[in-house]
Number of protein chains: 2
Amino acid sequence: MSSFHKMSINCNFISETLDCMLEKSHKHVSCASCSARKDSLFGNYCDHELDELDESKSCNYYKKNQPLFIEGSFPRGVFCLNGGKVKVFTRGDEGKEQIIHIAKEGEIIGFRAMFSGEPYKVSASTLEECNICYIGKEDFLNMIESNAVLRNGIMKELSKELGERAVFITNMAQKSVRERLAFALLILHDVYKPEQINLTREDLANFVGTATETLIRLLKDFKEEGVIEIHTRKLEIVDANKLERIAGAR
Amino acid sequence: MSSFHKMSINCNFISETLDCMLEKSHKHVSCASCSARKDSLFGNYCDHELDELDESKSCNYYKKNQPLFIEGSFPRGVFCLNGGKVKVFTRGDEGKEQIIHIAKEGEIIGFRAMFSGEPYKVSASTLEECNICYIGKEDFLNMIESNAVLRNGIMKELSKELGERAVFITNMAQKSVRERLAFALLILHDVYKPEQINLTREDLANFVGTATETLIRLLKDFKEEGVIEIHTRKLEIVDANKLERIAGAR
DNA sequence: CTAAAAAAATGATGTATGTCATCTTTCCAT
DNA sequence: ATGGAAAGATGACATACATCATTTTTTTAG
């Protein structure tokens with residue numbers, strides 16, 4: 001319901017939204033009117049660039065837990081997240097997911113494998129109902145080639161993520177599960193705001209890198225310490241400062 | 001001594017090498033004659049591009065354990081590794097190093113922060129005697145802007161590393177120390193060949209993400225199982241297949 | 001609205017790995 | 001060559017966390 005509300009903001013008319021969501025139509029959501037765009041790499045596109053972008057993209061509705069792409073397959077285009085949250089993850093040897101990133105509105109997903117020439121090293125699937133646009137490989141690469149601003153934005157994004165992952169690796173190697181959970185909650189707080197964090201315990205455990213049971217116990221600790229409130233599936237951050245202290249420096 | 005030999009290959013004359021190494025001169029090693037170049041992003045440069053590259057770079061000799069750059073500072077240029085090995089690492093809250101990557105001849109180091117506009121998220125320092133060229137920020141960015149092949153090479157490299165780090169994170173989160181050590185040894189085997197792995201136990205532990213004592217015990221196990229030989233500081237991989245089996249899939 | 005399935009919660013138990021303390025070997029500068 | 005420092009090795013011990021088994025709660029589908 002709150003995600004429904006959010007979604008409606010991103011479309012021109014309620015009727016279009018309903019088509020989009022309830023009837024899974026592939027109705028075009030124009031980039032010019034996409035509210036997620038301003039925070040995206042296309043944020044500073046001018047009118048004719050937007051028209052061109054509109055031409056080359058398709059728009060799709062995804063139900064909860066639908067895959068966008070799967071580890072090992074080859075990319076045919078990139079995904080531009082108009083509404084909803086998407087998890088990006090790999091599977092370890094025993095099939096257990098390790099969530100690398102949770103993407104929100106405005107993010108472009110899956111462009112890494114486009115440049116590396118390798119198959120996807122990660123999978124991506126929706127965590128909730130999503131509206132996602134799709135740009136074919138050729139169109140996207142042409143845009144990159146001809147538009148220096150977009151290209152620099154992409155390079156900046158790749159570089160930023162690379163830095164973040166170095167920190168992620170260090171946290172995994174050196175922090176306790178308790179510290180990592182605090183760290184993860186802070187990240188998710190940022191991703192989900194102004195809404196509350198809304199993930200299954202299993203997904204959260206797979207993001208933190210721990211067993212579901214351990215995660216549940218630690219959440220309970222945090223609740224008893226007054227740093228979070230648990231509203232069934234939704235987690236509310238009550239004391240972010242304390243979380244930061246628990247998570248340690250950085 | 002064997003690293004001395006290797007170094008000499010990369011310079012035009014022995015006398016130049018000696019200057020370079022023993023007297024720490026900044027004598028120019030020409031890119032045209034750099035044997036590390038063929039495997040690098042500059043591998044397919046033509047003559048006049050090489051001249052240009054030569055103009056804009058400086059060449060320096062580094063002793064063992066010297067820093068190239070430090071986490072938190074801002075980049076002023078990139079480093080191009082002509083000879084020797086370099087570790088790239090972050091420090092956790094208690095100052096413990098987590099090694100993210102070990103770079104070898106031909107690699108360009110430190111270009112991530114150049115694009116992200118952020119300070120370095122990692123530090124880099126030499127693991128042995130090194131010959132390292134340096135290209136200033138402005139020159140490098142100009143090259144990127146004007147040379148599409150180099151640019152695409154950089155984007156490919158960024159993308160590949162991003163994928164590798166997703167795997168690294170998953171390994172950290174889900175594999176046992178024993179499995180991670182096997183995995184690390186295979187990576188290092190590749191980096192160091194045709195030489196033997198040559199790292200302190202502490203550095204190796206900081207790469208695997210474990211305590212030095214634990215690492216030492218596991219090395220002993222591997223030795224007793226006949227997968228490695230330990231020649232004091234140097235590690236010889238005897239049975240790579242078995243290591244792969246221990247490391248698990250991927 | 002209800003039944004079945006999925007998710008969440010809780011307890012009991014084992015173990016891989018970190019920590020601390022001590023000793024030995026190797027390295028390196030003088 | 002030699003002595004001090006760094007690196008390597010080994011043992012004893014503690015514990016954070018995973019695993020397994022079971023129960024309760026929530027969600028979903030018919």
Side-chain angles (χ1 to χ4, degrees), chain A residues 1 3 63-66 87 92-98 127-129 170-182 184 196-224 228-235 246 248, chain B residues 1 3 22 63-65 87 92-98 127-129 170-182 184 196-224 228-235 246 248:
Chain A
M1 38 260 31
S3 75
K63 282 186 293 191
K64 197 174 172 175
N65 291 322
Q66 279 191 302
K87 66 176 169 184
D93 299 344
E94 265 96 88
K96 184 180 160 80
E97 290 182 7
Q98 175 60 43
L127 285 166
E128 49 191 66
E129 292 181 334
T170 307
N171 284 347
M172 279 296 179
Q174 301 190 5
K175 284 186 195 288
S176 67
V177 176
R178 179 181 158 89
E179 290 169 317
R180 297 207 305 267
L181 173 57
Q196 294 182 357
I197 297 169
N198 187 4
L199 277 177
T200 67
R201 300 291 188 266
E202 190 180 356
D203 278 334
L204 188 47
N206 290 343
F207 186 42
V208 172
T210 188
T212 308
E213 297 92 324
T214 303
L215 180 112
I216 288 170
R217 285 181 248 264
L218 286 170
L219 277 185
K220 194 179 162 197
D221 290 349
F222 280 178
K223 181 184 161 191
E224 283 165 1
I228 64 169
E229 285 287 322
I230 301 180
H231 307 115
T232 322
R233 177 68 54 88
K234 302 200 174 167
L235 304 179
I246 294 170
Chain B
M1 40 257 39
S3 75
L22 303 180
K63 282 185 294 190
K64 196 174 173 177
N65 291 322
K87 66 177 169 183
D93 299 344
E94 266 97 88
K96 186 180 158 81
E97 289 181 8
Q98 173 61 44
L127 285 166
E128 49 192 65
E129 293 181 332
T170 308
N171 284 348
M172 279 294 179
Q174 301 190 5
K175 284 188 194 291
S176 67
V177 176
R178 179 181 158 89
E179 290 168 317
R180 294 203 310 263
L181 173 57
Q196 293 182 358
I197 298 170
N198 187 4
L199 276 178
T200 65
R201 301 290 189 267
E202 191 181 355
D203 278 334
L204 189 47
N206 290 343
F207 186 42
V208 173
T210 188
T212 309
E213 296 93 325
T214 303
L215 180 112
I216 288 171
R217 284 181 248 263
L218 287 170
L219 277 185
K220 194 179 161 195
D221 290 351
F222 281 178
K223 181 184 161 190
E224 283 166 1
I228 64 170
E229 285 287 322
I230 301 180
H231 307 115
T232 323
R233 178 66 57 85
K234 303 200 172 167
L235 304 178
I246 293 170

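Order of the sequence lines fixes the chain letters, A, B, ..., with proteins taken first and strands second; residue numbering starts at 1 for each chain.
Closest to the side chain of A:Arg233, out of C:dT26, C:dA7, C:dT10, is C:dA7.
Remark: A:Glu202 CD is loosely packed, at most 12 non-hydrogen atoms of other residues, nucleotides or ligands lying under 6.0 Å away. Residue-environment remark: CD (A:Gln66) exceeds the threshold of 12 foreign heavy atoms within 6.0 Å.
Residues passing the salt bridge (Lys or Arg N to Asp or Glu O under 4.0 Å) test with A:Lys87 are A:Glu97, A:Asp203, sequence neighbours excluded. Scanning for side-chain hydrogen bond (donor to acceptor under 3.5 Å, both in side chains) contacts around B:Glu179 gives B:Ser176, with sequence neighbours left out. Remark: B:Arg201 pairs with no residue by the salt bridge (Lys or Arg N to Asp or Glu O under 4.0 Å) rule, at least two apart or across chains.
Between A:Leu219 and A:Leu181, the closest side-chain pair of non-hydrogen atoms falls below 4.5 Å. For the pair A:Leu199 and A:Phe207, the minimum side-chain heavy-atom distance is 4.5 Å or more.
If you measure from atom CD1 of A:Ile230 to atom P of C:dA7, you get 17 Å, rounded to the nearest angstrom. Between the C1' atom of C:dA16 and the CE atom of B:Met172 lies a distance of 16 Å, rounded to the nearest Å. Rounded to whole angstrom, the span from the CG atom of A:Leu204 across to the C1' atom of C:dA9 amounts to 15 Å. Nucleotide C:dT10 holds its P atom 10 Å from the CZ atom of A:Arg201, rounded to whole Å. Rounded to an integer number of Å, the gap from A:Ile216 CD1 to C:dA6 P is 17 Å. One can place NZ of A:Lys234 at 14 Å from P of C:dA8, the figure rounded to the nearest angstrom.
For the helix from C:dC1-D:dG30 to C:dT30-D:dA1, the rotation axes defined at the first and last 5 base pairs enclose an angle of 60°, given to the nearest 10°.
Although no hydrogens or angles enter the test, the distance criterion places no donor-acceptor pair under 3.5 Å between the side chain of B:Glu229 and the main chain of B:Leu235. Listed for the B:Arg180 side chain is a donor-acceptor partner under 3.5 Å among the backbone atoms of B:Val208. Using a distance-only test at 3.5 Å, with no hydrogens or angles considered, a donor-acceptor pair links the side chain of A:Gln174 to the main chain of B:Lys96.
Across all strands, B:Thr232 comes closer than 4.0 Å only to sugar-phosphate atoms, never to a base (heavy-atom distances).
We find the NZ-OG1 distance between A:Lys234 and A:Thr232 to be 9.5 Å, quoted to the nearest 0.5 Å.
Along DNA chain D, the nucleotide nearest B:Lys220 and the nucleotide nearest B:Asn65 are compared for position; the residue whose nucleotide lies closer to the 5' end is B:Asn65.
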Please tabulate, one pair per line, each protein N/O and nucleotide N/O from nucleotides 17-20 of chain C that are separated by under 3.5 Å, including the distance.
unit_1, atom_1, unit_2, atom_2, d
C:dT17, OP1, B:Val177, N, 2.9
C:dG18, OP1, B:Thr210, OG1, 3.2
C:dG18, OP2, B:Thr210, OG1, 2.6
C:dG18, OP2, B:Ala211, N, 3.4
C:dG18, OP2, B:Thr214, OG1, 2.7
C:dT19, O4, B:Arg217, NH2, 3.1
C:dC20, N4, B:Glu213, OE2, 3.1

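Protein chain B contacts DNA chain D over a range whose 5' and 3' limits, counting nucleotides with an atom under 4.0 angstrom from a non-hydrogen atom, are D:dA7 to D:dA12.
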